Amino acid sequence: MPMTAIILAAGEGTRMKSRHPKVMHKLLDRPLVSWVTRAAREAGAERIIVVVGHGADEVRAHLANENDVECVEQTERLGTGHATRVALEATGVCSGPVVILNGDLPLVSPETVRAFAESVGTGKHAAAILTMTPPDPFGYGRVELAADGTVARIVEQRDCTAEQSAGLLECNAGCYAFDGALLASHIAEIGNDNAQHEYYLPDMVEILRGHGHATTIVHCDDYREALGVNSRVQLAELSALARDAINTRLMEQGVTMLDPATTWIGPDVTVGRDTVLLPMTMLWGATTVGEECVLGPNTRLTNCTVADNVSLEETVGVDVTIEKDVTCGPRAYLRGGAHVLEGAHVGTHVEIKNSTIGRGSKVPHLSYIGDCTMGAGVNIGGGSITCNYDGVHKNRTTIGDNVFVGSDTMMVAPVTIGDGALVGASSCVVKDVPADALYLERADQRIVEGYASRRLERLKKGDA
Ligand code: UD1
Ligand code: CA
């Protein structure tokens with residue numbers, strides 16, 4: 001039966017003390033809401049419906065990148081039960097398993113969501129809730145079990161008596177599965193007679209029970225998977241948990257980390273065997289790293305593709321492709337559309353943008369290479385720059401194979417330097433250079449013997 005996922009993300013998240021909606025706060029490399037849509041997607045949800053409200057424009061704009069997600073707006077925040085009702089009414093969902101996930105439940109696994117959805121439906125349970133027993137249950141809805149082991153009701157922290165608060169340790173994680181037909185026919189029965197005057201989704205359990213339909217609990221053995229984010233302190237705690245889980249998985253797959261506590265990797269990143277990650281390395285987005293690489297210290301890559309045996313020391317890369325046997329850094333900055341081919345070297349204080357650096361070519365020191373196509377075996381002298389911007393357009397520089405560019409050369413684009421050409425140090429290249437030619441632009445040199453001391457004496461005597 002195709003599963004529908006509804007993600008509740010309309011709340012303000014007052015405890016975050018933020019201008020931004022809570023679900024837009026990032027855990028590692030992505031907003032909280034995207035952890036939850038990812039779990040729903042990987043669990044096989046056919047429809048993913050996100051209820052937006054507070055800061056709706058910001059959440060919608062972000063979710064525009066996820067084209068399998070539908071947004072529904074809850075204009076008044078009247079509680080999680082109300083949010084669910086709004087979603088059902090706007091989308092017409094009224095059958096199949098419906099999984100409802102709090103938008104602030106980032107670490108829930110796709111396996112849990114899937115197992116969960118499969119437990120409800122005709123001939124199975126009417127509903128299931130994910131529960132846990134965290135070390136500090138304060139703030140969570142508490143699950144009261146009936147004598148037969150099914151759920152009697154869920155009591156919110158604010159509505160708990162002192163006895164319930166101390167005695168009911170099983171907590172509601174904010175992940176529910178309902179038989180869609182039952183949910184749709186009884187959702188309007190949720191009331192708001194409680195401490196916050198809100199429509200609570202957990203009340204659905206008691207309502208279904210009144211109609212003779214039992215709710216089962218699915219206990220999450222590792223409570224950490226089911227923790228919610230309500231404050232920045234919890235956000236930091238969950239960030240560390242997510243980091244540790246990802247790093248442990250990668251180390252088990254054959255990646256070395258000198259200091260896992262300062263190595264931060266997003267959930268979609270892959271790293272090959274025998275690659276070594278040094279401290280303060282951050283790998284985000286859709287980055288893939290090959291085998292036998294050494295990254296860091298202080299290397300940050302976002303959406304990069306790195307082949308085998310690459311060394312990136314103190315390197316920042318965004319949207320770039322690096323082929324095998326390349327070395328970069330310390331202090332290299334590679335951005336949008338840089339493609340560094342096999343065996344090339346990008347050195348210290350070098351920035352590369354939207355350029356191809358050919359096989360075995362070297363840009364070792366203090367250079368900016370932008371909008372350039374560079375051949376193989378090129379050497380770019382220290383301090384050389386492609387002047388790619390005329391104030392209006394970005395222009396291309398084309399450098400052939402085996403070109404030698406002397407230090408401090410300005411290449412004023414659009415310009416082409418042919419194969420095997422030689423450019424003298426400190427030239428400003430404004431004309432195309434034919435293959436095998438010398439290009440030199442230099443004022444005449446003069447040497448005046450004994451000038452320096454004569455000048456000094458003149459100055460001391462007061463002569464001009
Ligand atoms: C909720 C549960 C509680 C559970 C806990 C787990 C209710 C009433 N309580 O409490 O039993 O233990 O999660 O973390 O559901 N939201 C909306 N619209 C609203 C209100 C909230 O979309 O009108 C969204 C929020 O953006 C959030 C989620 O629903 O992502 C949960 O809301 P939150 O206020 O965080 O609920 P808790 O107090 O944590
Ligand atoms: Ca919460």
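Order of appearance sets the numbers: ligands from 1, and atoms from 1 within every ligand. This one's a predicted model, so the numbers in the text were calculated from it and none came from an experiment.
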Does an N or O anywhere in [X] fall below 3.5 Å from an N or O of ligand 1?
| X | answer |
| --- | --- |
| G11 | yes |
| A10 | yes |
| I154 | no |
| G141 | yes |
| N172 | yes |

Could you tell me whether the side chain of [Y] reaches within less than 4.5 Å of the side chain of [X], counting heavy atoms only?
| X | Y | value |
| --- | --- | --- |
| R15 | Q234 | no |
| V143 | V205 | no |
| L295 | V271 | no |
| V113 | V108 | yes |
| Y140 | L227 | yes |
| M374 | I380 | yes |

Close-contact set for ligand 1 against [X] heavy atoms, below 4.0 Å:
| X | value |
| --- | --- |
| Y200 | 8 (C) |
| R77 | 19 (C), 23 (O) |
| G103 | 30 (O) |
| Q74 | 17 (C), 18 (N), 19 (C), 22 (O), 23 (O) |
| A173 | 6 (C), 14 (O) |
| K22 | 35 (O) |
| N230 | 35 (O), 39 (O) |

message = Please enumerate all residues that pass salt bridge (charged side-chain N to carboxylate O under 4.0 Å, His left out) together with E351, with sequence neighbours excluded.
response =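 R335.
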query = So, for E313 and T299, which heavy atoms are closest and what is the spacing to 0.1 Å?
reply =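 E313 and T299 have their closest heavy atoms at C-OG1, 3.7 Å.
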request  = Ignoring hydrogens and angles, state whether a donor on the side chain of R273 or Q253 is under 3.5 Å from an acceptor on the partner side chain.
outcome  = no
message = Please tell me whether E76 and H82 have a donor and an acceptor in their side chains that are separated by less than 3.5 angstrom.
response = no
query = Please, which pairs that meet salt bridge (Lys or Arg N to Asp or Glu O under 4.0 Å) have at least one residue in residues 98-119, sequence neighbours excluded?
reply = K22-D104
Under 4.0 Å from ligand 1, counting heavy atoms only, is it the side chain of [X], its backbone, both or neither?
| X | answer |
| --- | --- |
| E198 | neither |
| H82 | neither |
| L105 | neither |

ask   = Counting only heavy atoms on the protein side, is anything nearer than 4.0 Å to atom 12 (O) of ligand 1?
value =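 Under the 4.0 Å cut-off, atom 12 (O) of ligand 1 does have protein heavy-atom neighbours.
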Can [X] be said to touch ligand 1, with heavy atoms closer than 4.0 Å?
| X | result |
| --- | --- |
| V51 | no |
| C171 | no |
| R15 | yes |

query = Do any of the N, O or S atoms of N102 sit under 3.0 Å from the Ca ion (ligand 2)?
reply =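 Of the N, O and S atoms in N102, none lies under 3.0 Å from the Ca ion (ligand 2), which means no.
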request  = Begin with the C-alpha distance, continue with both residues' side-chain angles, and end with the deciding distance and a verdict on salt bridge (charged side-chain N to carboxylate O under 4.0 Å, His left out) for R60 and E73.
outcome  = CA-CA 10 Å; R60 258 187 223 280; E73 187 153 349; 2.9 Å; yes
task = Starting from atom 9 (N) of ligand 1, locate the nearest protein heavy atom and write down its residue, its atom name and how far away it is, to 0.1 Å.
result =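 Here the closest protein heavy atom is E156 OE1, 3.0 Å.
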key: N230 OD1 and D104 OD2 subtending at the Ca ion (ligand 2) (10° steps)   = 90°
